[in-house]
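Structure first, commentary second.
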2 protein chains.
Amino acid sequence: MTAPSLTHVKCADCPIRHRAVCARCDSDELELLDQIKYYRSYEAGQAIIWSGDQMDFVGSVVSGVATLTQTMEDGRTQMVGLLLPSDFVGRPGRDGAAYNVMATTNVMMCCFRKRPFEKLLDETPHISHRLLEMTLDELDAAREWMLVLGRKTAREKIASLLAILARRDSSFDKANFQTESEFELSLTREAMADYLGLTLETVSRQISALKKAGVIVLEGKRHVIVPDMGRLLEEAGDDSDGGLLA
Amino acid sequence: MTAPSLTHVKCADCPIRHRAVCARCDSDELELLDQIKYYRSYEAGQAIIWSGDQMDFVGSVVSGVATLTQTMEDGRTQMVGLLLPSDFVGRPGRDGAAYNVMATTNVMMCCFRKRPFEKLLDETPHISHRLLEMTLDELDAAREWMLVLGRKTAREKIASLLAILARRDSSFDKANFQTESEFELSLTREAMADYLGLTLETVSRQISALKKAGVIVLEGKRHVIVPDMGRLLEEAGDDSDGGLLA
DNA sequence: TCCATTCTTTGACCCAGATCAATCGAGTAT
DNA sequence: ATACTCGATTGATCTGGGTCAAAGAATGGA
């Protein structure tokens, strides 16, 4: 179940202690990866990639939060992915970007030049294997989100999003299942609305409602405390474990 | 762009002229595939897989239509994927099924026993490579559907679904772009509703509206004629090519 | 300090789509 | 024929969330 992580592998020579590809790589392969690797930072609000642009790299988020969004001509936008640290960006085998990628907070990306990375992929089965696994995980996540978008109420949508963020945030440790969690809410109300297929007003109202009901506690506007994760998952309409133990 | 298809490869010894894995395979590999391959048919309405079940095979749809659905405890259901001929089912590297898979019409599946298929995947980079490509395509499709679910009106949703079906149905040839299309609508109003995050009544009303507006013509309840694909795509809120030429 | 800007909250009202209910075929079993 | 079923249609009504509008926070210049 816990395959060698493609990310979050400590790396002695890397200032941010982040090796963005594969724990199973031998030192020659890591050498190759280092040669095609570079870091790049983006400021909050800045575009990382515009839909349709040529993409000459793939990579993964080291720190910060970025979003994948799709837009219709009339301006309606839908977030189709949330990129948290360790998430992969880019599509080997295709040049044009299919989505807008925006930095929500300041973002540090670990990038690999695309052509050499694709070459490496062809020559190194376990990297390609791991990438397949990650893509299948993303597909599962996207499909879970389709249920949220299609069938959940506004309140359930908000609770689902908060549950995801709580789960992904460092302070929540799923192995040592704890009922309390606490995290920084790095999305604006509008970004949440775009993720949930709602308006920002509805997001604000439902957050207030969850606050009033004691499901969450807000410190300031952005710091969220969840006194009881079970309660939050109930509000999200998830079955008891909410996929946390999956 | 048009990589060797994992499916739809003619196969002399196969009664349905469908080789479900890879055009680049050499004859030894095809031999191996044949050894782990079997066909299985399902009746309309029958479950192919229940969420949570052990899955001992992966495979692809040869004929018919199947659906991937997720269900909440209270019965709300959301279709998260539509499986048309050539679509792949199953997740190498995971045993439990994550969704319900239901046969909407009579379905013929080409199955591969899972363990040997995974072994083949490990040993045959181009199969694994092709599977990655297909998974990335599915991910794109899922994300496109998130936009539909989150931001489109009921009418646009119906038009989007009809456009997808028209595109996938044999009679529509995207290389030779034609303005008219015609296909069999193999989903009930309820199944469409589950795909679109609507109720079956709304689906029925919007189909009636599109019919009245001349966007589609119905012969009986299930045979759809689209006099002008451009018009349909407009109704779907898609940009002009609607991804048809992507 | 005082704007100005950006994000957020809250209120009042409205409407697209849900809900509830009745009816209408088209099979098909009796 | 008649009665049942299952899907589809259509109508009447209700409501969750959208829309429009105003007013609070928080931040950052000048």
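By convention in this document, chain letters (A, B, ...) are assigned in the order of the sequence lines, proteins followed by strands, and residues within each chain are numbered from 1.
Nucleotides of DNA chain D lying under 4.0 Å from heavy atoms of chain B occupy a range whose first and last members, 5' to 3', are D/dG7 to D/dA12.
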List the atom pairs, donor and acceptor, that lie under 3.5 Å between side-chain atoms in residues 188-199 of chain A and the rest of the protein, sequence neighbours left out.
{"residue": "A/T188", "atom": "OG1", "partner": "A/E190", "partner atom": "N", "Å": "3.3"}
{"residue": "A/T188", "atom": "OG1", "partner": "A/A191", "partner atom": "N", "Å": "3.0"}
{"residue": "A/R189", "atom": "NH2", "partner": "A/K221", "partner atom": "O", "Å": "3.4"}
{"residue": "A/D194", "atom": "OD1", "partner": "A/T77", "partner atom": "OG1", "Å": "3.2"}
{"residue": "A/D194", "atom": "OD1", "partner": "B/R151", "partner atom": "NH2", "Å": "3.1"}
{"residue": "A/D194", "atom": "OD2", "partner": "A/T77", "partner atom": "OG1", "Å": "3.1"}
{"residue": "A/T199", "atom": "OG1", "partner": "A/T202", "partner atom": "N", "Å": "3.4"}
{"residue": "A/T199", "atom": "OG1", "partner": "A/T202", "partner atom": "OG1", "Å": "3.1"}

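Proximity of a side-chain donor or acceptor of B/N100 to a complementary backbone N or O of B/S51 within less than 3.5 Å is detected. Judged purely by atom type and a 3.5 angstrom limit, A/S204 has no side-chain atom pairing as donor or acceptor with the backbone of A/L200. Checked by atom type and distance alone, the side chain of A/E234 never pairs as donor or acceptor with a backbone atom of A/R231 at under 3.5 Å. Side-chain atoms of B/K114 never come within 3.5 Å of backbone atoms of B/G90 as a donor-acceptor pair (strictly under, hydrogens ignored).
Each of A/K152, A/K157, A/R155, A/K211 was scored for a salt bridge (Lys or Arg N to Asp or Glu O under 4.0 Å) with A/E235, with one residue passing: A/R155.
Between the OH atom of A/Y99 and the CZ atom of A/R91 there is a distance of 8.0 Å, given to the nearest 0.5 Å. Distance CG/A/L147 to OG1/B/T71: 8.5 Å, rounded to 0.5 Å. Between the OG1 atom of B/T179 and the CE atom of B/M229 there is a distance of 9.5 Å, given to the nearest 0.5 Å. Once rounded to the nearest 0.5 Å, the distance linking OG of B/S181 with CG of B/D228 reads 11.0 Å. Distance check, rounded to the nearest 0.5 Å: CG of A/L82 to OG1 of A/T69 gives 11.5 Å. With values rounded to the nearest 0.5 angstrom, B/L139 atom CG is found 9.5 Å from A/L136 atom CG.
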**OP:** Could you give me the CA-CA distance, side-chain angles and deciding distance for A/R143 and A/E138, then say whether salt bridge (charged side-chain N to carboxylate O under 4.0 Å, His left out) is met?
**Re:** CA-CA 9 Å; A/R143 284 173 166 166; A/E138 272 186 87; over 6 Å; no
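Taking the ring centre of A/Y38 as origin, the terminal cationic atom of A/R113 falls outside the region bounded by 6.0 Å and 45° from the ring axis.
Looking only at side-chain heavy atoms (C-beta outward), B/E180 and B/V226 stay at 4.5 Å or farther from each other.
Rounded to 10 degrees, the angle between the two end axes of the helix from C/dT1-D/dA30 to C/dT30-D/dA1 is 20°, with five pairs used at each end.
Against DNA chain C, the stretch residues 147-162 of chain B makes heavy-atom approaches under 4.0 Å through B/T153, B/A154. Within residues 201-223 of chain B, the residues that place at least one heavy atom under 4.0 Å from DNA chain C are, in residue-number order, B/E201, B/T202, B/R205. Annotation: proximity of residues 190-198 of chain A to DNA chain D (heavy atom, distance under 4.0 Å) is found for A/G197, A/L198, numbered in ascending order.
Atom-to-atom, CZ of B/R189 to C1' of C/dC24 comes out at 14 Å; the value is rounded to the nearest Å.
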